[in-house]
Amino acid sequence: MARDERVFCIGEDIGIPGGWGGAFTVTLGLEQDFRERIIDTPISEAGLFGVALGAAIMGLRPVADVQYGDFLFCAMDQVVNQIATMRYMSGGKVTVPLVMRAPVGATGRGAQHARNPEAIFYGIPGLKIVCPATAYDAKGLLKAAVREDNPVLIFEHKLLYGSKGARAETEALDASSEVPEEDYVVPLGEGIVRREGTHVTVIANLLMMHRALLAAERLAGEGISAEVIDPRSLVPFDWELVEASVGKTMRAVVVEEGPRTGGIGAEIAASLAERMSDYLLAPVGRVASPDIPVPFAPPMEEFYRPTVERIVEAARGVVVGSGG
Amino acid sequence: MARDERVFCIGEDIGIPGGWGGAFTVTLGLEQDFRERIIDTPISEAGLFGVALGAAIMGLRPVADVQYGDFLFCAMDQVVNQIATMRYMSGGKVTVPLVMRAPVGATGRGAQHARNPEAIFYGIPGLKIVCPATAYDAKGLLKAAVREDNPVLIFEHKLLYGSKGARAETEALDASSEVPEEDYVVPLGEGIVRREGTHVTVIANLLMMHRALLAAERLAGEGISAEVIDPRSLVPFDWELVEASVGKTMRAVVVEEGPRTGGIGAEIAASLAERMSDYLLAPVGRVASPDIPVPFAPPMEEFYRPTVERIVEAARGVVVGSGG
Amino acid sequence: MAYDTQFLLGLYRQMVLIRQFEERVKFLFLEGVMPGTIHQYQGQEAVAVGVCSALEAQDVITSTHRPHGHALAKGLSIESLMGELFGKVTGCCHGKGGSMHVGDLEKGMVPAIAIVGGGVPIATGIGLSFKLRQEPRVAVCFMGDGATNEGAFHEAVNMGAIWSLPVVYVIENNRYSASTPICQTARVERLTERAHAYGIPGVTVDGNDVLTVHEAAQVAVERARSGAGPTLLEAMTYRITGHSRRDPCLYQPEEERKQALAEEPIGRYGAWLLAEGTAEQAALDQARAEVDAEIEEAVRAAQAAPAPAPEAALEDVFA
Amino acid sequence: MAYDTQFLLGLYRQMVLIRQFEERVKFLFLEGVMPGTIHQYQGQEAVAVGVCSALEAQDVITSTHRPHGHALAKGLSIESLMGELFGKVTGCCHGKGGSMHVGDLEKGMVPAIAIVGGGVPIATGIGLSFKLRQEPRVAVCFMGDGATNEGAFHEAVNMGAIWSLPVVYVIENNRYSASTPICQTARVERLTERAHAYGIPGVTVDGNDVLTVHEAAQVAVERARSGAGPTLLEAMTYRITGHSRRDPCLYQPEEERKQALAEEPIGRYGAWLLAEGTAEQAALDQARAEVDAEIEEAVRAAQAAPAPAPEAALEDVFA
Ligand SMILES: Cc1ncc(C[n+]2csc(CCOP(=O)(O)OP(=O)(O)O)c2C)c(N)n1
Ligand SMILES: Cc1ncc(C[n+]2csc(CCOP(=O)(O)OP(=O)(O)O)c2C)c(N)n1
Ligand SMILES: [Mg+2]
Ligand SMILES: [Mg+2]
């Protein structure tokens with residue numbers, strides 16, 4: 001923000017002195033340095049995303065957030081019908097440099113504060129989508145998004161907001177990788193190999209990436225070498241990286257936290273079947289949540305979200321089933 | 001409606017004497033017979049779907065509609081966060097017998113009155129989804145939906161509203177199959193074979209079903225025998241029918257009008273790869289629109305929506321590529 | 001108005017029940033034995049109790065992310081509520097809902113809606129169902145001050161107004177939506193000025209005075225039941241606890257908090273009962289002891305109750 | 001107020017331009033040579049012209065599904081508009097937008113927004129950008145009466161109000177939203193009563209009198225530009241054509257239509273110009289003949305212009 005005065009933040013409960021810096025303290029502190037550029041809104045999601053769009057059209061670079069990804073549905077007309085189409089409808093004359101942030105994932109709050117809606121937005125042309133799994137990427141992708149001339153939706157996982165601080169979640173995982181102080185970006189559309197392997201490619205982002213790494217660890221114990229790819233961006237998607245990996249391992253499993261039907265995994269599986277049919281030794285495995293709303297009670301929530309165990313099973317199934 | 005006095009219609013411009021009976025004259029005439037049960041609303045989609053939900057919770061059986069499927073996004077919080085989850089959150093104590101109707105498809109109106117959003121709702125657990133392609137099914141599925149105790153979303157295609165009547169679209173296709181006067185239902189979750197064939201299964205609904213039939217006709221001229229399946233319901237999906245067909249043809253193509261990425265075709269292709277990997281001779285083909293908003297100019301709109309030609313090519317590709 | 005002593009004491013007992021319930025729950029959270037998150041009702045008890053005491057059993061309420069008070073006031077059992085907070089099968093939603101979605105249609109409470117403003121259309125539709133069926137029932141929509149900035153509020157209250165539905169829209173104005181003061185997000189002195197926009201009456205009352213709330217609610221409920229249409233009722237109150245767990249409320253000015261604590265509804269009403277001679281201190285103490293015992297029993301029962309089987313998650317999606 | 005003749009004649013010419021444009025377009029539709037659908041502006045010309053004549057070139061408007069009048073009044077060329085309606089590359093959106101999305105940011109018009117109410121937050125955000133950058137510019141949001149029932153209206157006008165943004169919200173009250181009379185979906189006599197809800201001024205004027213509209217707009221624009229915040233301006237008018245193509249308007253009572261035709265803005269203003277001696281009939285006729293010629297030229301150019309290549313559909317998704 002210090003670099004570009006066109007950048008401003010807009011959201012609920014982000015600018016109150018003595019407040020929280022958003023539902024998950026993400027903007028905490030910024031309200032002191034950039035008072036006028038931290039805009040605290042009424043509880044009006046459609047309004048605030050539309051306002052951000054209007055400002056973006058005029059050349060500002062807003063960073064708009066909702067407190068939970070579920071609330072994107074309150075702003076859905078703006079996101080889908082306006083933000084994603086404005087440039088196109090204008091015949092390319094209007095530019096929409098707009099960043100949207102939304103925390104996702106189930107955290108003991110029941111069905112309305114828990115969804116992983118990535119797949120729903122994945123099918124909306126005109127939006128770029130990123131999903132950082134580490135603190136390093138969170139900073140680098142945010143900076144890339146802010147410098148991008150198109151709408152970018154950033155999904156962040158509540159359980160990755162750091163194990164420290166006042167709003168850390170009980171089961172939060174430590175994703176606090178080294179974060180350099182200096183300016184750097186993680187380019188949109190660049191995935192990364194988180195662990196190398198030769199028998200099966202496991203594609204996973206956000207919290208699932210961490211579980212996939214744990215699964216890979218366990219699989220190694222069984223003699224199965226899993227390569228873990230974190231695509232980091234969903235749109236654009238790093239097909240090159242994934243194809244290179246699957247070309248080597250000849251097997252793939254996609255892990256996601258959202259419901260299975262119509263999920264990200266469906267697209268990746270269908271695309272890989274088309275792109276890599278000469279290589280794939282087995283159908284792409286999909287690990288996802290069941291097709292249900294998110295339940296509250298801890299045992300049910302735990303059952304809902306893919307576990308390390310389920311990832312291990314799926315990878316093992318794909319490898320063993322194809323003579324690995 | 002005569003059968004069950006709990007049924008009522010709620011929507012915009014549906015109940016005005018001298019008016020239209022909704023944007024596509026679907027309810028025209030009903031306002032005379034059932035005055036109190038045709039409720040004309042302000043332009044307030046979130047409000048009207050929420051109102052319908054409230055009435056459904058109390059045991060009425062509302063049929064709520066939007067004038068264009070794109071406006072569902074204005075009511076998205078109600079559809080996704082409330083309607084689809086209410087029963088679940090209540091632990092099964094609340095029942096939501098609610099029918100939602102939404103016309104879809106591009107018809108020369110530009111990006112905001114054109115979308116095929118089926119895939120977006122496909123990934124929302126708690127909703128049943130049907131897509132009638134003929135007048136017979138439109139009546140039968142509507143009746144089944146009205147008698148169903150769960151939320152059902154009916155996508156209807158603007159170009160299938162009949163070639164007759166004041167609001168017929170210029171390019172409308174004649175889908176006016178025989179419609180028996182008497183009471184019948186088309187059960188949710190039952191697909192139908194529209195044309196038998198042996199070389200490839202083409203799965204398509206709504207307008208695309210009609211194009212698939214034309215494509216099958218042309219393919220027959222080339223010696224390729226295509227079986228055309230209209231799933232009619234997306235949720236629940238008639239896997240039995242599709243598997244039986246693919247078990248016979250060993251090849252499949254999915255056709256849809258929405259954008260390709262994250263589409264219905266992705267799920268069907270991924271599922272078929274898992275369910276039928278021993279049968280499939282080639283990756284499931286996908287025919288869909290490109291990942292762009294819907295353009296206005298006729299040549300671009302025509303380019304956007306899958307043509308008979310593209311279906312023929314895809315089917316031919318799948319068959320020829322696998323030695324058919 | 002003259003009330004009988006039983007009724008007056010009943011109100012006291014209900015408010016104390018809610019307060020003690022919430023305090024106990026807060027403690028369970030701090031101990032770390034209760035899962036999830038919570039939004040609590042301390043300080044606002046006079047609203048739920050004042051309004052619900054004006055309702056009949058067959059009337060129906062919708063609630064918010066802060067629903068415990070509404071649930072107890074509408075007659076859900078302490079057990080079924082505590083069970084739900086613990087995520088047990090004995091909970092009113094069999095553990096599927098959790099704190100933010102407690103409810104029981106049999107008791108006239110729709111599972112609470114945690115999307116701010118999301119309940120307003122739903123309550124309106126409930127009112128519509130009563131009107132279409134010509135049932136003499138009323139729907140009450142509880143919402144916070146912040147909810148009045150949501151589009152859903154606007155659309156739904158307008159629908160209630162144009163169709164003259166039997167609905168009472170109750171704004172619990174505790175002056176904050178999360179950390180944001182309402183005076184920063186609405187330029188109107190009283191949120192009931194928004195009633196003008198819909199052509200319905202708007203009434204603002206002292207929401208920390210249970211009898212005042214009760215009386216205003218009665219008028220609004222009567223109006224609704226008689227077919228005269230909805231009322232926007234604003235109850236001025238204060239949240240004397242955090243917005244949700246672990247909120248130290250640093251955004252609330254010291255002075256304001258002090259004043260609010262002095263005006264909190266239970267102390268005030270208790271003092272009034274004593275001053276009027278309606279009750280002795282002993283009766284008040286006894287009410288409190290009784291509810292404490294009931295709450296303890298509910299905690300015990302909830303902790304002892306079975307957790308749902310994990311696979312039970314797959315049930316109840318469809319009827 | 002005293003206006004110079006040029007200005008007064010200019011208003012007339014603009015209104016006639018819009019009327020004749022729309023009539024020509026209607027004819028092209030009936031002939032079947034124009035694709036898509038249309039929502040036309042006949043009868044409402046005084047609103048677009050009255051408001052836009054109070055704006056500077058650098059001010060920005062948002063529009064609706066009924067945008068042709070706004071576009072012409074804000075200075076888009078007839079050619080670029082006609083080209084867009086024909087879906088040609090010469091169109092202001094290169095054929096990607098169509099009738100419901102015409103606009104050109106260079107001329108201060110965002111591509112029109114066909115989702116009812118959807119433009120209100122966007123105009124508000126444009127106002128915010130002016131305020132953050134301390135630019136002396138104003139955003140104007142055109143909307144129909146029906147749009148005031150959308151949640152987006154409520155959320156956005158409130159934001160404009162609390163932040164004192166330089167925005168003028170213009171309601172074109174043509175008494176109907178599609179076939180539904182506004183008196184059936186809002187219980188307020190004047191929609192500007194809704195301004196109370198946000199603590200901003202609301203002004204209702206005769207929207208068929210172009211000078212009245214102009215003057216009211218000037219006050220509101222001045223107020224906005226000076227930093228005093230938004231105004232809700234309601235212009236009472238009437239749509240003397242169908243809602244969209246092929247609407248016979250059977251829902252409009254005969255009497256009402258007759259009256260509306262008698263009060264339509266162009267005839268009225270023309271008569272006034274003659275009565276005041278500001279113009280002779282010949283000058284008015286000439287204005288009309290001139291715009292007719294310009295329109296014919298635009299039709300010719302649009303029909304002759306190349307259609308976009310089909311694959312051009314793949315461009316302009318991302319910058
Ligand atoms: C649509 C939506 N936006 C934001 C939130 C996050 N949130 C939960 S409670 C709350 C504040 C609500 O304020 P108010 O309506 O005054 O109720 P109170 O918490 O004071 O009872 C917010 C912003 C939400 N639950 N739903
Ligand atoms: C969100 C949304 N709902 C419904 C429609 C369909 N629709 C188009 S115009 C219209 C009526 C609009 O009425 P009003 O705002 O008064 O504008 P007018 O048509 O009178 O200019 C409707 C219902 C829409 N475009 N967007
Ligand atoms: Mg509050
Ligand atoms: Mg209108």
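Every chain is numbered from 1 and lettered A, B, ... according to where its sequence line falls, protein lines coming before strand lines. Atom set for the values below is all heavy atoms of this structure, side chains included, hydrogens, waters and symmetry mates excluded.
Summarising the local packing, CD of C:Q303 is surrounded by more than 12 heavy atoms from other residues, nucleotides or ligands at distances under 6.0 Å.
Across all their heavy atoms, B:Q82 and C:G118 have their closest contact at NE2-CA, 4.2 Å.
C:C93 has its side chain out of reach of B:K93: every pair of non-hydrogen atoms, C-beta onward, lies at least 4.5 Å apart. Here the side chains of C:L105 and B:S90 are not in contact, with every heavy-atom distance at 4.5 Å or above. A heavy-atom distance below 4.5 Å is not found between the side chains of C:E155 and B:V51.
Contact count against chain C (heavy-atom pairs under 4.5 Å) is highest for B:I39 among B:L53, B:T95, B:I39. Counting heavy-atom pairs closer than 4.5 Å to chain B, the top residue among C:V102, C:V89, C:T62, C:I115 is C:I115. With respect to chain C, the highest number of heavy-atom pairs below 4.5 Å among B:D149, B:L60, B:I57, B:N81 belongs to B:L60. Between chain B and the options C:G103, C:A152, C:C92, C:G91, heavy-atom pairs under 4.5 Å are most frequent for C:C92.
Atom CD1 of C:I122 and atom CD1 of B:I83 lie 8.0 Å apart (nearest 0.5 Å).
By a heavy-atom distance cut of under 4.5 Å, C:A313, C:E315, C:D316, C:V317, C:F318, C:A319 are the residues of residues 305-319 of chain C near chain B, going up by number. Residues of residues 124-147 of chain C that come closer than 4.5 Å to chain B, counting heavy atoms only, are C:T124, C:G125, C:I126, C:L128, C:S129, C:F130, C:L132, C:R133, C:R137, ordered by residue number.
With a 4.5 angstrom heavy-atom cutoff, C:V157 does not touch chain B via any of its atoms. Using a 4.5 Å cut-off between heavy atoms, B:E148 makes no contact with chain C at all. Contact annotation for C:V60: only side-chain heavy atoms (C-beta onward) come within less than 4.5 Å of a heavy atom of chain B. Contacts between C:I162 and chain B at a heavy-atom distance below 4.5 Å involve the side chain alone, from C-beta outward. The parts of B:T41 that come within reach of chain C are both its backbone and its side chain, each placing non-hydrogen atoms under 4.5 angstrom from that chain.
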Evaluate the side-chain contact (heavy atoms from CB on, under 4.5 Å) criterion for residues B:L48 and C:M159: first the C-alpha distance (whole Å), next the side-chain angles of each, then the deciding distance (0.1 Å), finally the verdict.
CA-CA 8 Å; B:L48 94 85; C:M159 286 177 167; 3.7 Å; yes

